[in-house]
Amino acid sequence: MSAHVLLIRLAAPLQSWGTISRFSRRDTHSRPTKSGVIGLCAAALGHDRADDLTQLVADTDLTTVRFGVRADHPGTPVRDYHTVGAGRYPVRPRDLITDHRRAAALATATQHDHGAAFGHHELDDWYGAPKYIATDPTTGALVSNQLSRDALITERWYLADAAFVAALQHPDLALLTTIATALESPQRLLWLGRKSCPPSGTLAGPLLAGTIEDAFTATALLPSPSPAPPRPQPWAWIETTPGTPAATQVHDQPISFDADHHTHAMRWETRMRISIAANATEWDIIP
């Protein structure tokens, strides 16, 4: 059965494709992952992350596509340093009105205050996003069960000024056409790995007959998002069958996107240099 390939342009000021991310440290892979790109396409098609992947396969055959990615412009890793919570901040009148616990904590200090002086008191280490919201048994209001917050230090890694070409190979041309249409008219918000990384410009590239290797060779490099010189032979990582010489395992075959049961399986891929053909097709895109 003949194969068809959909090319997808993945470019933005920032993108981040986590592999072993946790709250305190959110990493990024050096390139887009299959899980991330399949999730992007599923969102464009209108699927929720809690949807059963078994049903997703039955509906769209999306997870069975052969995957590849070409690093036209690998970008620069950047680290974003965060501190969250703790510290001091003035307690506002409404904080005392809406939460009797704050009022009790400041009752002695505020009993003689009025006018401009009111609201200038501070509580140590009470700053932070509310956690563990529940109904207060005294007032019936929704309040946080954890007011005092120790400072949290986190770091998040991104790829800056990167541009990749992802490829989906499948014998069903209609499936790839549907995905391409959805990427340009998505039913859900799209991002390149994280919600803080929206894609820039056109996503859906050309639909070509043949294999991923053929498509990568026959398609020109993406325009560079930075002044960095282009790479004449970019690296590509292309999915293959187990036992292929020089193939390595990658843990990014999606099993479930559910936030509480986010799981992946192993797949195999090979890394190779791509020699762009002299008559390669240029991109017709909105950058």
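Because the structure is predicted, anything quoted here is derived from the model rather than measured.
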**Student:** Return yes if some donor-acceptor pair links the side-chain N/O of Q169 with the main-chain N/O of I212 below 3.5 Å, else return no.
**Tutor:** yes

**Student:** In the structure I gave you, are the side-chain heavy atoms of V78 and W157 within less than 4.5 Å of one another anywhere?
**Tutor:** no

**Student:** Taking the basic N atoms (NZ, or NE/NH1/NH2) and the acidic carboxylate oxygens, is any pair closer than 4.0 Å for D80 and R26?
**Tutor:** no

**Student:** Check whether any side-chain heavy atom of D48 lies under 4.5 Å from a side-chain heavy atom of R188, and answer yes or no.
**Tutor:** yes

**Student:** State the CG-CD1 distance between L168 and I8, to the nearest 0.5 angstrom.
**Tutor:** 4.0 Å

**Student:** Does E213 pair with R66 as a salt bridge, N-O distance under 4.0 Å?
**Tutor:** yes

**Student:** Just by distance, do the side chain of H73 and the backbone of G75 share a donor-acceptor pair under 3.5 Å?
**Tutor:** no

**Student:** Flag the pair D284 / P206 as yes when at least one side-chain heavy-atom distance between them is below 4.5 Å, and no otherwise.
**Tutor:** no

**Student:** Determine whether a donor-acceptor pair (N or O, by modelled atom type, separation under 3.5 Å) exists between the side chain of R9 and the backbone of G205.
**Tutor:** no

**Student:** Please check if V69 and W235 belong to a single hydrophobic cluster, counting links between Ile, Leu, Val, Met, Phe, Trp and Tyr side chain heavy atoms closer than 4.5 Å.
**Tutor:** yes

**Student:** I'd like to check R194 versus Y158 (side-chain heavy atoms, cut-off strictly below 4.5 Å). Are they in contact?
**Tutor:** yes

**Student:** List the residues meeting side chain to side chain donor-acceptor pair (under 3.5 Å) with T240, not counting sequence neighbours, and say none if there are none.
**Tutor:** T244

**Student:** Salt bridge check: are R79 and E155 linked by an N-O gap of less than 4.0 Å?
**Tutor:** yes

**Student:** By salt bridge (charged side-chain N to carboxylate O under 4.0 Å, His left out), which residues pair with E269, not counting sequence neighbours?
**Tutor:** R31, R267

**Student:** Do the side chain of D27 and the main chain of G18 share a donor and acceptor less than 3.5 angstrom apart?
**Tutor:** no

**Student:** For R273, check salt bridge (charged side-chain N to carboxylate O under 4.0 Å, His left out) against everything at least two apart and list the hits.
**Tutor:** none

